[in-house]
Number of protein chains: 2
Amino acid sequence: MIKVLIYEDIRELREGLTMLLNGSEGFEVLAAYRNCDNVVDEVTGLQPDVILMDIDMPGTTGLEGLKRVREVNKVVKILMLTVFDDNDHVFKAITNGANGYLLKKTKPALLLEYIADAHTGGAPMTSSIATQVLQMFASMNNHKKEETFNLTERERQVLQLLVDGYSYKMIAAEKFISIDTVRSHIKKIYEKLQVNSKSEAIAKAFKNRMTEDR
Amino acid sequence: MIKVLIYEDIRELREGLTMLLNGSEGFEVLAAYRNCDNVVDEVTGLQPDVILMDIDMPGTTGLEGLKRVREVNKVVKILMLTVFDDNDHVFKAITNGANGYLLKKTKPALLLEYIADAHTGGAPMTSSIATQVLQMFASMNNHKKEETFNLTERERQVLQLLVDGYSYKMIAAEKFISIDTVRSHIKKIYEKLQVNSKSEAIAKAFKNRMTEDR
DNA sequence: TGAATTTATACATGTTTATGCGATTGTCTG
DNA sequence: CAGACAATCGCATAAACATGTATAAATTCA
C-alpha cells in the first residue's frame with residue numbers, strides 16, 4: 001500500500017486525485033491539503049511514501065514546500081505537479097531534490113504508474129519535461145569541448161601546473177627543466193591564449209575547462 | 001509513418017525489433033544493421049526519423065556512432081539502447097546529443113510509445129535512467145552552494161577583480177583605494193582561503209564557483 | 001557603551017612574473 | 001634537403017606580488 005499526501009490548491013483537482021487514488025488498488029491518500037503552510041509538521045506526522053506537490057500554489061509555493069520537506073526528510077518521494085513545463089521551475093525543482101516532475105494533464109492511468117514508479121526509486125517525468133532536462137544538461141557540458149588553443153603537449157602540462165598553483169621554479173623542478181625554459185613555454189602559452197598574465201591564463205583555462213579538475 | 005533505423009549486434013534482438021516495428025501501425029524499419037561502421041552514409045542515405053542505437057556493440061561502439069551521426073545530422077532522433085543503466089554511458093550519451101535512453105528490457109508496447117514520443121520531440125527515458133540523470137544534475141549544481149569562506153563584502157569584490165585578471169594597481173584604481181589597501185585585503189583573503197598566491201586564490205574561487213562567470 | 005570587526009592607509013624587503021633578445025638541438029614534412 | 005616547429009637553455013630588467021609590521025577611522029553588535 002503506497003501512502004500518498006496531496007498538496008493542491010484547486011479543490012476539484014484535489015478531490016479528484018484523492019478519489020482516483022483511494023479508488024485504486026494499492027494506493028491510499030493519507031490527507032489532501034490546499035496549501036503547504038504546515039507541510040513539515042504534516043509530513044513528519046503522517047509519514048507518507050509519496051507526496052504529490054502542486055508547484056503553483058498561493059501562499060507557500062510548491063518549491064518552497066519541497067525545500068522545507070527536504071530539510072527534514074530525504075527519503076520521501078516528491079512528485080511535482082504543474083500545468084506549465086516551465087524551464088526555470090523544472091530546474092529549481094530538480095536541484096532541490098524532487099523525484100519527478102509531471103504535467104497535470106497526465107492521464108490517470110499513467111499517473112498511477114508514475115506514483116508507483118517514484119515509490120520504487122524511479123524518476124518519472126513527462127517526456128516534454130525530460131527533453132528540457134536533457135537540453136539543460138547537454139548545454140552545461142558542451143561548454144568543455146573544442147578550444148584547445150593549439151597548445152602542444154608540453155604547454156598543456158605547464159599550464160596545468162600553473163593552474164595547480166605551481167610557481168615557475170616549482171614547475172622547473174617538477175619537470176626537470178630550467179626556469180628559463182618554463183618562461184619560454186609560458187610566454188608561448190600566453191600568446192596562444194591571448195592573455196598576458198598568469199591570472200588571466202588560469203581564468204581562461206578554467207572557463208574553457210581545459211584542465212583536470214581534481 | 002515513422003521511419004526507423006536499427007543498430008544492434010545481436011541478431012535475435014535486431015530481427016525481433018524489426019518485426020515488432022514493421023508489424024505495428026505507423027512504424028517502418030528502413031534497415032537494421034549489426035554495427036555502425038558506416039552509420040554516416042546509411043543515415044544520410046536513408047534519412048530516418050528515429051534511430052535505435054545499441055550502446056554495447058563490437059567495432060564502432062554506439063556512443064561513437066552517436067557522435068558521428070550528430071556531426072552531420074542534428075535533427076534525427078536517436079534513442080540509445082542498453083542492458084546496463086551505467087552512469088558513465090548515460091552521461092556521455094546525453095552530452096553527445098542522444099534524445100533518449102532505454103533499457104533493453106523495456107516492454108514492446110512501451111517501446112513503441114517511446115519511439116513515437118521521441119519522434120514528436122520528447123525525451124523518453126526508462127525511469128531508472130531518469131533517476132540517474134536527476135542525481136547527476138542535482139550533484140552538479142549543489143556544488144556551487146555554501147563555502148563563502150566568510151569573506152567580507154569588500155573582500156569578495158577584490159577577489160572578483162583578481163579573478164577577472166586585474167592587477168593590484170588596477171584594483172586600486174577601480175575601487176578608488178590605495179594599492180596598500182588592496183594588499184591588505186588580499187592578504188586577508190589568502191588567510192581565509194588558506195592559500196598563498198594569486199593563482200591559488202583564483203583557482204579556489206573557480207573551483208568553488210564563488211565568482212561571477214561572465 | 002565598549003569590544004570586535006571591517007575598511008583603510010603606509011613603508012620596507014625579498015620573491016616572482018613578464019618580456020625582450022638570442023641560441024642549440026631534434027623532429028617532421030613538403 | 002630546407003624550413004617550420006617544439007623543446008631546451010641563458011641573461012637582463014622592470015613590473016607585480018607576498019609578507020611583515022603599524023596605525024586609525026568607521027561600523028557592527030553584544
Side-chain angles (χ1 to χ4, degrees), chain A residues 145-214, chain B residues 145-214:
Chain A
K145 72 177 171 197
E146 309 308 325
E147 290 261 65
T148 165
F149 292 97
N150 291 314
L151 293 185
T152 66
E153 178 54 26
R154 198 52 154 178
E155 287 162 355
R156 246 191 302 281
Q157 293 170 8
V158 172
L159 176 57
Q160 178 67 57
L161 292 173
L162 267 194
V163 168
D164 291 341
Y166 285 56
S167 69
Y168 289 15
K169 201 181 282 181
M170 292 161 75
I171 294 175
E174 180 76 17
K175 290 297 177 186
F176 305 107
I177 56 180
S178 91
I179 193 167
D180 290 301
T181 305
V182 176
R183 282 192 225 283
S184 88
H185 281 310
I186 289 176
K187 210 187 306 179
K188 210 72 203 292
I189 292 171
Y190 288 177
E191 274 175 32
K192 290 185 178 177
L193 299 196
Q194 300 185 62
V195 299
N196 45 12
S197 77
K198 195 160 69 152
S199 314
E200 291 175 279
I202 293 173
K204 202 144 190 172
F206 270 103
K207 287 181 183 169
N208 291 80
R209 294 210 179 44
M210 301 167 61
T211 58
E212 302 293 324
D213 264 16
R214 316 168 199 270
Chain B
K145 72 178 173 194
E146 309 310 324
E147 286 261 67
T148 165
F149 291 96
N150 292 313
L151 292 185
T152 65
E153 177 54 26
R154 198 56 157 179
E155 287 162 354
R156 246 190 301 282
Q157 294 169 6
V158 172
L159 177 56
Q160 178 66 58
L161 292 173
L162 266 194
V163 168
D164 291 341
Y166 286 54
S167 68
Y168 288 16
K169 201 181 283 181
M170 291 161 76
I171 294 176
E174 180 76 18
K175 290 296 177 186
F176 304 106
I177 57 182
S178 88
I179 192 168
D180 291 301
T181 304
V182 176
R183 281 192 223 282
S184 87
H185 281 312
I186 289 177
K187 211 184 307 180
K188 211 74 201 293
I189 292 171
Y190 288 177
E191 276 174 31
K192 291 185 178 177
L193 299 196
Q194 299 185 62
V195 299
N196 45 11
S197 78
K198 196 161 70 154
S199 313
E200 290 174 281
I202 292 173
K204 202 143 190 172
F206 269 103
K207 286 182 185 168
N208 291 80
R209 296 210 181 40
M210 300 167 64
T211 58
E212 303 293 327
D213 264 16
R214 314 168 200 271

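Below, read A as the first sequence line, B as the second, and so on, with proteins coming before strands; counting in each chain starts at 1.
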- Across the strands shown, which category fits B/Lys198 at heavy-atom distances under 4.0 angstrom: base, sugar-phosphate, nothing? sugar-phosphate
- Numerically ordered, the residues 177-186 of chain A set in heavy-atom contact under 4.0 Å with DNA chain D is A/Ile177, A/Ser178, A/Asp180, A/Thr181, A/Arg183, A/Ser184, A/His185
Please give, in whole Å, the distance from [N] [atom2] to [X] [atom1]?
| X | N | atom1 | atom2 | answer |
| --- | --- | --- | --- | --- |
| B/Asn196 | D/dT19 | CG | C1' | 10 Å |
| A/Lys187 | C/dG22 | NZ | P | 12 Å |
| A/Lys188 | C/dG20 | NZ | P | 14 Å |
| A/Arg154 | D/dC5 | CZ | P | 20 Å |
| A/Glu155 | D/dC5 | CD | P | 12 Å |
| A/Tyr168 | D/dA18 | OH | C1' | 16 Å |
| B/Lys175 | C/dT9 | NZ | P | 13 Å |
| B/Lys169 | D/dA14 | NZ | P | 14 Å |

- Message: Looking at B/Lys198, is its backbone amide N or carbonyl O close enough to the side chain of B/Tyr190 to form a donor-acceptor pair, meaning the two atoms are under 3.5 Å apart?
- Response: yes
- Task: Return the set of residues passing salt bridge (charged side-chain N to carboxylate O under 4.0 Å, His left out) with A/Lys192 (not counting sequence neighbours), or none when no residue passes.
- Result: A/Glu155
- Tell me, please, which residues at least two apart from B/Glu200 pass salt bridge (charged side-chain N to carboxylate O under 4.0 Å, His left out). none
- Message: Does any part of the side chain of A/Arg156, heavy atoms only, come nearer than 4.5 Å to the side chain of A/Ile189, both counted from C-beta?
- Response: no
- Message: For D/dT19 and B/Tyr190 - does any side-chain N or O of the residue sit under 4.0 Å from the phosphate oxygens OP1/OP2?
- Response: no
- Query: What do the steps show when you test A/Thr181 against A/Ser178 for side chain to side chain donor-acceptor pair (under 3.5 Å), and what is the final call?
  - Reply: CA-CA 5 Å; A/Thr181 305; A/Ser178 91; 3.3 Å; yes
- Task: Find the distance between OG (A/Ser199) and CG (B/Leu161) and round it off to the nearest 0.5 Å.
- Result: 12.0 Å
